[in-house]
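Accompanying notes for the structure given below.
Keep in mind the model is a prediction, meaning the values are calculated, not measured. Only this structure's heavy atoms are used, side chains among them; waters, hydrogens and symmetry mates stay out.
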Amino acid sequence: MRRFDFRTSSDYSELEEFLEMRKENNSSDVEGIVKDIIAKVRAEGDDALRFYNAKFDGCDVHDLKVSEKEIDEAFSAIDKELLGSIEKAAENIRYFHAKQMENSWFEQKEDGTTLGMLIQPLQTVGIYVPGGAGGKTPLPSSVLMNAIPAQVAGVENIVMVTPPSADGSIPGVTLVAAKIAGVKEIYKVGGAQSIAALAYGTETIPAVDKIAGPGNAFVATAKKIVFGQCGIDMVAGPSEICVIADSSTNPKWLAADLLSQAEHDKLASAVLVTCDENLYKIMEDEVEAALQPLERYEIARASWDDYGAIIICKDLDQCFDVANIVAPEHLELSIDNPLAYIHKPKTAGALFLGHYTPEALGDYMAGPNHVLPTIGTARFSSPLNTMDFMKKTTILCYNKEAFLAVQDDVSRFAKSEGLTAHARSAEIRK
């Protein structure tokens, strides 16, 4: 864990170096391996997927597609209280993402011109749902967050891939979440090989227009490589949280929030920014105490040791300056009257306001998407949203009079660029 004291300085170069170190460590040299995987899937299709299921997930799966029977059995077996929580989360996510919809528009002017924007859903979308080591760790929240925006957008075909367990099964809670989210096709394959299958298609898995969903370095690299063959949502890195806290914060709550992201991944990052000297002094011990009982202690320990930070600033304004440099995936404002500072954060993926809005609330239940930009890309990227699953087509229509009014302008522009065929296509119309 690193400490930074900016109470008498605004030189943030050491902090920037610290942040850059995490980016460099996240750039694993996996591109060659992923390219080989993609090539094999393109050449051998389903056989390659079965080969990699055996190699990476230790399972022998002949039928890659999840059957209706498996889904029905999952619904029968699921804990009813958990089912209720999933359904409640789905309702909240659907409500929030419906608010993001944009409508097509057309404008007919008296001069004979018609302009507009046609907004339509993509036809087929693939979503990747991580499953932990060998599919052992179910992530139903990831299913909901990726599939429901596509469903709200009106995508007809939502295709889901997720790594199988060693026995060739998919966790029941994942299947239940998929059905609730409107997913009709689910395939037992994960990793870079599943991204290749979604991008290029196999005998069983259809090629899609866009791939969404987070994954490990192999999945992220595969998404980068296939971009252009199909669209992708973003290239997500390890999770991160930054908390701006003042003296009104409960230190134990604060420690719990920081570790809620540290337990995700050894490369995850948890950063505290405060102008309260007492928090600066005690939070290392608070986090240490909160670490001990965690089931994922080793992961959280490595994350906190290598990429955790406690930063003290002279005042809240400087705290926001520092947070804007961090550009975190999640930014909690654990301060009095957080709404008064809503204009201060400029680079966060998602904002969590007040002491009763922990990041975990956004992961599961509130409704906003938890697929967020990471590794500083929140400076220019946005959370996954409904419009990511739609495309826009511009519409132009001129009648004769409207065209003749600008004919010479079109020709003049074209000739200035040396494009005489362009000019001729305008001039020839009388």
Side-chain angles (χ1 to χ4, degrees), residues 42 96-127 146 149-159 195 198-201 206-212 223-236 324 327 342-343 345-349 369 371-373 375-430:
R42 293 187 69 181
F96 182 85
H97 287 80
K99 295 286 188 181
Q100 301 170 344
M101 289 287 287
E102 297 179 22
N103 297 316
S104 300
W105 61 270
F106 305 90
E107 183 180 58
Q108 291 181 306
K109 296 183 179 180
E110 293 181 359
D111 64 0
T113 64
T114 299
L115 300 176
M117 185 76 75
L118 183 63
I119 302 178
Q120 300 171 297
L122 301 178
Q123 295 182 53
T124 304
V125 164
I127 64 169
N146 283 278
Q151 185 189 45
V152 170
V155 176
E156 290 187 10
N157 305 305
I158 304 174
V159 180
I195 301 302
L198 291 174
Y200 296 100
V208 302
D209 300 316
K210 190 169 190 175
I211 301 171
K223 286 170 70 176
K224 285 193 286 187
I225 291 172
V226 303
F227 176 66
Q229 174 67 25
C230 62
I232 62 172
D233 56 344
M234 65 183 76
V235 178
N324 284 329
I342 195 71
H343 64 289
K346 307 296 184 184
T347 63
N369 211 287
V371 180
L372 301 165
I375 312 291
T377 60
R379 293 181 295 108
F380 53 81
S381 298
S382 303
L384 187 70
N385 63 85
T386 304
M387 297 309 296
D388 284 322
F389 298 100
M390 306 189 83
K391 69 177 296 293
K392 299 178 179 179
T393 302
T394 53
I395 296 174
L396 307 82
C397 180
Y398 276 49
N399 65 17
K400 181 177 180 180
E401 291 73 19
F403 173 73
L404 292 177
V406 297
Q407 182 182 42
D408 291 342
D409 296 300
V410 175
S411 174
R412 200 173 292 120
F413 257 108
K415 288 177 178 177
S416 76
E417 296 183 351
L419 300 175
T420 53
H422 280 64
R424 180 62 176 159
S425 76
E427 295 166 352
I428 201 170
R429 286 170 165 78
K430 300 297 184 183

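Without hydrogens or angle criteria, Gln100 side chain to Thr386 main chain gives a donor-acceptor distance under 3.5 Å. One N or O on the side chain of Asn324 and one on the backbone of Lys346 form a donor-acceptor pair closer than 3.5 Å. Side-chain N or O atoms of Ser411 include none that pairs as donor or acceptor with a backbone N or O of Asp408 at under 3.5 Å. Side-chain N or O atoms of Gln123 include none that pairs as donor or acceptor with a backbone N or O of Asp209 at under 3.5 Å.
Of all non-hydrogen atoms in Lys223 and Met234, the two that sit nearest each other are NZ-O, 2.9 Å. The shortest heavy-atom contact between Leu384 and Asn369 is O-CB, 3.2 Å. Listed here is the closest heavy atom pair of Asp409 and Ala405: OD2-O, 3.9 Å. Nearest heavy atoms, Ala150 versus Ile158: CB-CD1, 4.0 Å. What you find for Arg379 and Ala327 is that their closest heavy atoms are CG-CB, 3.6 Å.
Annotation: side chain of Tyr200 is in contact with side chain of Val226 (closest heavy-atom distance under 4.5 Å). Val159 has its side chain out of reach of Ile127: every pair of non-hydrogen atoms, C-beta onward, lies at least 4.5 Å apart. You'll find the side chain of Val208 reaches within 4.5 Å of the side chain of Thr124, heavy atoms only. With contacts defined as side-chain heavy-atom distances shorter than 4.5 Å, the pair Glu102/Met390 does not qualify. Looking only at side-chain heavy atoms (C-beta outward), Asn157 and Pro206 stay at 4.5 Å or farther from each other.
Partners of Glu156 under the salt bridge (charged side-chain N to carboxylate O under 4.0 Å, His left out) rule, at least two apart in sequence or in another chain, do not exist in this structure. By the salt bridge (charged side-chain N to carboxylate O under 4.0 Å, His left out) test, Asp388 is found to be paired with no residue, residues two or more places apart in sequence or in another chain being considered.
Here side-chain hydrogen bond (donor to acceptor under 3.5 Å, both in side chains) pairs that include residues 393-403, with residues two or more places apart or in two chains, are Lys391-Thr393.
Counting non-hydrogen atoms of neighbouring residues, nucleotides and ligands closer than 6.0 angstrom, the CZ atom of Phe403 exceeds 12 such neighbours.
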